[in-house]
Amino acid sequence: MAKIKGAIVVDTARCKGCDICVTSCPFDVLRMSREVNEKGYTYSYMLNPDNCTGCASCGLVCPDGCIKVYKLKV
Amino acid sequence: MSNPIIQPENLVYDKSAVLTDNVMHYCPGCSHGTVHRIVAEVIEEMGLQDQTIGVAPVGCAVFIYNYINVDFAESAHGRAPAIATAIKRLNPDKLVFTYQGDGDLAAIGTAETIHACNRGENIAIIFINNGIYGMTGGQMAPTTLLGMKSSTCPTGREPHLNGYPLKITDMLALTEGTCYVTRQSVHTPSSVKKTKRAIRKAFDNSLQGKGTSVVEVVSTCNSGWKMTPVEANRWMEENMFPFYPLGDLKDR
């Protein structure tokens with residue numbers, strides 16, 4: 001069976017660190033960074049990239065439209 | 001680009017091109033941003049970027065014209081449905097929508113809203129209900145829940161002093177002119193998809209001349225509520241949804 005792998009790219013300059021994507025991810029992929037962007041906000045990143053399926057839940061709930069979602073069948 | 005997944009041909013989700021690259025001024029986690037994003041997505045899907053005229057409110061969303069790249073008119077406080085009436089009557093083939101908060105639609109603009117809906121103007125009204133006046137510092141709104149704290153009712157709203165919260169969407173469903181009245185939210189991926197379908201339907205109704213469509217989005221104001229965005233979403237589920245139940249109120 002083909003496996004689906006996903007990945008996201010966060011626009012870290014646009015992200016405000018609201019944490020909603022982290023709680024919306026069904027596969028526990030995302031976390032908030034310890035570093036901050038130039039506005040002083042933390043931003044989300046993939047802590048467990050192998051779990052990502054590209055379901056785009058994070059992108060759908062992002063209030064600032066800063067998540068790009070990629071998906072690949074391997 | 002070493003990651004084989006992150007390639008242009010594998011892109012499955014990105015913000016709409018109708019949404020500008022300006023960073024929104026909203027607080028982190030604000031529902032306004034999510035609704036702006038899906039309004040832009042719907043306009044892009046319909047291919048109507050050049051055929052859409054929005055009417056901006058007074059409130060936090062006053063700068064919506066900086067974020068959604070379509071034509072906008074800025075109305076006086078609460079008068080968006082009146083301005084939209086004129087725009088739609090003069091441009092009947094255009095998609096005309098208003099985007100209003102609860103202070104704009106349910107307080108100062110109550111008369112304009114109710115009469116535009118009762119006349120059945122062919123506009124779509126997007127109503128963001130967060131139960132508080134967000135822009136001015138979290139004062140009590142007509143939609144503030146009983147017992148809910150705000151800066152002007154710091155011990156919670158009491159009915160004998162402050163009256164009762166207003167379900168204006170239910171009132172609008174009673175008017176003859178509305179064709180589609182629904183209440184949605186944007187706190188989870190599935191609710192975002194439902195709201196997007198509702199906005200699409202409202203926009204289609206506007207173009208088909210079926211009457212006024214009202215999409216209420218029960219939203220959070222985490223700054224005004226003094227919570228984190230995630231706590232605010234949970235609080236909304238536990239407290240707002242019992243009083244403002246989600247679902248279609250009218251569809252014809």
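Within every chain, numbering begins at 1; the chains are lettered A, B, ... in the order of the sequence lines, protein sequences first and strands thereafter. This is a predicted model, so every value here is computed, not measured.
Only the side chain of A:K39 comes within contact range of chain B, judged by heavy atoms closer than 4.5 Å. There is no contact between B:K196 and chain A, counting heavy-atom distances below 4.5 Å. For B:H36, no part lies under 4.5 angstrom from a heavy atom of chain A. Residue contact with chain B, scored on non-hydrogen atoms closer than 4.5 Å, involves the side chain of A:V9 exclusively. Contacts of A:T23 with chain B are made by side-chain atoms alone, with heavy-atom separations under 4.5 Å and no backbone atom involved.
Here the straight-line distance linking atom OH of B:Y26 with atom CG of A:D64 works out to 10.5 Å at 0.5 Å rounding. If you take OH on B:Y13 and SG on A:C55, they are separated by 12.0 Å, rounding to the nearest 0.5 Å. B:N22 contributes atom CG, which lies 8.0 Å from atom CZ of A:R14 (distance to the nearest 0.5 angstrom). Taking CG from B:N10 and CG from A:L72, the interatomic distance works out to 4.5 Å, rounded to the nearest 0.5 Å. To the nearest 0.5 Å, atoms CG (B:N222) and SG (A:C18) are separated by 8.5 Å. Rounding to the nearest 0.5 Å gives a distance of 7.5 Å between OG1 of B:T228 and CG of A:D19.
Taking chain B as the reference chain and counting heavy-atom pairs below 4.5 Å, the highest number among A:G17, A:C62, A:A56 is found for A:C62.
For the residue pair B:P189 and A:V61, the shortest heavy atom distance occurs at N-CG1, 3.4 Å. The nearest pair of heavy atoms linking B:G29 to A:P63 is CA-CG, 3.8 Å.
Dense packing is recorded around CZ of B:F72, with more than 12 heavy atoms of other residues, nucleotides or ligands lying under 6.0 Å away. Heavy atoms of other residues, nucleotides or ligands lying less than 6.0 angstrom from NZ of B:K194 number 12 at most.
Formation of a donor-acceptor pair under 3.5 Å by the A:K16 side chain with backbone atoms of B:M24 is found in this model.
The side chain to side chain contact (heavy atoms under 4.5 Å, CB included) test with A:Y70 is passed by exactly one of B:D14, B:N3, B:V12, B:L11: B:L11.
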